[in-house]
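Before any comments, here is the structure.
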Amino acid sequence: MIFTKHTMKKKSKEMEIMTIMQEQRNILWHSSLHILAVAVKRLFPGAKLGNGQVTDEGFFYDFDDLTVKASDLTLIQDEMEKIIDEGIKYENKIFQIQQALNFFRNEPYKLQILQRMDKNEKISLCSIGDFYDICSQSHINNCENIGAIKLLSIGGAYWMGNPKNQMFTRISGIAFENQEALGEFIAYSELLKKHDHRVIGKQLELFSFHPQAPGSVFWHENGLILRNLIISYWRKVHRKNGFREISTPILLDSSLWKQSGHWDHYKQSMYTTKIEDKEYAIKPMSCPGSILYYLEKSRSYRDLPLKVAELGLVHRNELSGTLHGLMRVRQFIQDDAHIFICPHQLSEQIQQVIKMSVDMIGEFGFRDFSFAVSVRSSEKTGKYLGNDEQWERAEATLKSSLEALNYTYCISEGDAKFYGPSIDIMINDCLGRKWQCSTLQLDFNLPQRFELEYTDVQGKKQTPLMLHRTLLGSLERFIGILLEHTKGQLPLWLSPIQAAVIPISSKYSEYGNTIFRMLEEKSVRAVIIDSEESLSKRIRQTVLFKIPYIVVLGEREVSNSVISVRKADEDESSVYNIQEFIDYIKKVERYRI
RNA sequence: GCCGACGUAGCUCAAUCGGCAGAGCGGCUGAUUUGUAAUCAGCAGGUUGGGGGUUCAAGUCCCUUCGUCGGCUCCA
């Protein structure tokens with residue numbers, strides 16, 4: 001459903017077909033937004049037209065002087081359907097600006113747009129009956145070709161996207177060729193709800209949120225087990241790849257943040273405090289701490305690449321309206337690392353980071369990736385640090401590193417940070433959504449600001465290059481993505497509870513406890529459910545709690561000293577010796593934790 | 001932060017025009033001793049997010065505050 005704004009560098013045949021389908025759909029959606037405007041003007045003549053637009057997920061139109069309730073959506077949708085039934089045709093015509101002004105004499109925002117244009121220019125307008133809109137795009141031939149339409153939401157949106165402007169009322173919707181396609185869309189929306197990590201987190205008792213700390217996670221025991229398992233695997237991978245792990249303070253003198261440049265850019269979203277008249281800030285990222293570590297002693301080219309990783313607890317005062325479950329929080333663990341290198345090591349280190357990312361995220365069940373290289377915007381304004389040559393070389397190195405690994409990528413123009421270009425790795429989840437977790441950023445800024453040095457082979461002082469990178473990004477957010485991808489059915493090695501031991505009746509409780517203790521002793525995460533409820537009910541509880549293995553014990557198992565094991569998502573159970581079962585679980589876990 | 005909606009028992013939800021706050025699940029107690037997704041019965045559970053107001057009377061109307069959801073802006 002989600003299509004990225006980026007243009008793919010290379011297109012596969014499939015991509016081409018998708019693009020054609022998307023183009024047709026865009027025409028449909030674009031045609032629909034005019035109808036939305038007509039419907040609103042008919043029902044609410046006082047409303048003033050803003051702009052309409054097609055997005056990746058439908059279309060919207062913004063209006064000023066329009067107050068509508070959620071229940072009005074049905075009213076507007078009915079009106080749109082009426083207009084569609086009228087079968088009015090779209091017409092595009094070219095007008096002189098002067099002439100066009102006349103059409104919009106009661107539409108101040110349309111006038112604003114026209115008045116900004118050169119008076120001698122011509123403009124394309126589209127008409128639907130006696131309704132006119134500024135528009136040069138193509139439409140479907142006739143309204144009747146819109147087979148199904150659905151208005152989805154009312155929201156606010158700043159005029160021209162500028163928060164200094166007033167807020168308009170935005171009505172969003174979606175349209176399809178036919179009812180079946182709309183049905184599929186509704187089914188997909190329902191599916192999304194079932195994968196919502198906030199609901200799953202509550203059901204599986206993984207975490208909670210409380211008004212006393214908005215945007216900060218309270219990890220419950222099962223959620224913390226999951227988080228710790230991820231961390232344990234992360235540490236293993238980093239040790240193997242030559243990283244050293246450090247931990248730096250979360251409260252640091254504001255002078256450090258002034259020196260790093262964060263104070264100028266992000267002061268308003270940093271938490272600060274005064275202690276003995278000195279101002280401190282809680283770290284919003286870990287790099288300055290890492291730099292103080294680098295500066296601790298003089299470094300030689302022999303020490304490079306110096307790979308320093310930190311699971312940094314960072315705080316960012318995200319605006320209240322942007323908080324969203326685990327996906328957007330104010331306190332989180334960032335799996336940061338800083339790699340200090342000599343310039344000639346750049347390409348090799350970039351490739352290593354990409355490999356590490358793809359391998360690690362793949363282990364969590366994400367096999368579908370795409371890559372973006374974020375470069376400067378085409379208007380090379382003064383906001384970027386470093387000179388043109390540095391940038392061009394860096395961008396070229398990022399691209400060639402991906403090419404060396406045979407990865408295709410797209411270019412995200414203008415998405416580079418002010419201090420350097422970056423590679424972003426997007427994972428595609430099972431619902432076709434893209435999430436950016438890993439990012440690798442080149443930094444021209446910090447090594448200079450902190451006067452980082454190393455001694456080269458000739459004994460001369462040189463400035464190292466610095467790579468920032470995260471693989472999972474925020475652990476909180478990554479867990480959110482993982483829960484949505486798996487619908488809470490985590491793989492065995494990540495399940496907070498791996499097996500539920502269920503004796504058929506209290507007669508077999510003793511055997512059940514023996515088995516349970518054997519599993520616990522070998523660090524298999526197990527529970528025993530020997531309450532006096534029916535067997536079916538206890539199995540149901542196990543399945544709802546998404547415990548992957550169900551161990552049922554009765555007369556047959558006791559007399560043969562075996563266990564019956566059923567995978568929660570399979571119908572058949574099999575008989576195992578307890579040691580075979582433990583060995584199997586340990587084998588799955590072995591290379592990860 | 002801005003625009004809008006929402007907030008009722010642990011959870012999911014009901015309560016007509018302002019007129020006695022309710023159900024299912026979960027919990028507790030008792031009976032049931034179960035072979036792979038809900039055994040039966042009884043009981044308890046509430047300052048309707050917090051504060052203020054209007055009214056004979058407020059879950060319901062108004063103000064305010066906190067939080068959540070959707071959208072905007074932002075996301076080092």
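Note on naming: letters A, B, ... go to the chains in the order of the sequence lines (proteins, then strands), and numbering restarts at 1 for each one. Only a predicted model underlies this, so the values are computations on that prediction, with no experimental measurement involved.
Taking atom CG of A:L319 as the reference point, atom P of B:G67 lies 13 Å away to the nearest angstrom. Per the geometry, CD1 belonging to A:I76 stands 15 Å off P belonging to B:G4, to the nearest Å. Distance A:N162 CG to B:C2 P: 16 Å, rounded to the nearest Å. Atom pair A:F418:CZ and B:C75:P shows a separation of 12 Å (rounding to whole Å applied). We find that CG of A:D62 is positioned 14 Å from P of B:G4, with the value rounded to whole Å. B:C74 atom P lies 12 Å from atom CG of A:D415, rounded to whole Å. The distance between atom NE2 of A:H324 and atom P of B:U73, rounded to the nearest whole Å, is 17 Å.
Across B:U16 and B:C11, the matching C1' atoms stand 26 Å from one another, rounded to whole Å. When the C1' atom is compared between B:G27 and B:A58, the two are found 31 Å apart, to the nearest whole Å. Rounded to whole Å, the separation between the C1' atoms of B:G4 and B:U8 comes to 22 Å. Atom name C1', nucleotides B:U60 and B:G7: the rounded distance is 14 Å, in whole Å. B:U65 and B:C25 have their P atoms separated by 41 Å, with the value rounded to a whole Å. Using atom P as the reference point in both B:U48 and B:C61, the two lie 15 Å apart (nearest Å).
Set against B:C66, B:G70, B:A76, the side chain of A:M270 has B:A76 as its closest nucleotide. Nearest to the side chain of A:K202, among B:C2, B:U68, B:C11, sits B:C11. Of the listed nucleotides (B:A76, B:C72, B:C66), B:C72 has the atom at the smallest distance from the side chain of A:M167. Here the side chain of A:K417 is nearest to one of B:U34, B:A76, B:C72, namely B:A76.
Here A:G325 lies in heavy-atom contact (under 4.0 Å) with sugar-phosphate atoms only. Here A:G161 lies in heavy-atom contact (under 4.0 Å) with sugar-phosphate atoms only. Residue A:P284 is classed as a base contact, given a heavy-atom separation below 4.0 Å to a base. As judged by a 4.0 angstrom heavy-atom cut-off over every strand, A:R198 is placed among residues touching the sugar-phosphate backbone only.
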Using atom types as modelled, flag every donor-acceptor pair under 3.5 Å from a side chain in residues 214-224 of chain A to any protein atom, sequence neighbours excluded.
unit_1 : atom_1 : unit_2 : atom_2 : d
A:H220 : ND1    : A:F218 : O      : 3.3
A:H220 : NE2    : A:S208 : OG     : 3.3

Which letter, B, S or -, goes with each nucleotide of nucleotides 35-43 of chain B from 5' to 3', with contact meaning a protein heavy atom under 4.0 Å? BBBBS----
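Between the side chain of A:R540 and the main chain of A:L544, no donor-acceptor pair closer than 3.5 Å is present.
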Carefully, step by step, assess A:R433 and A:E484 under the rule salt bridge (charged side-chain N to carboxylate O under 4.0 Å, His left out). CA-CA 10 Å; A:R433 298 173 300 177; A:E484 301 224 343; 3.0 Å; yes
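Interface remark: the A:R328 side chain does form a donor-acceptor pair with the B:C75 base, using a distance-only criterion of under 3.5 Å.
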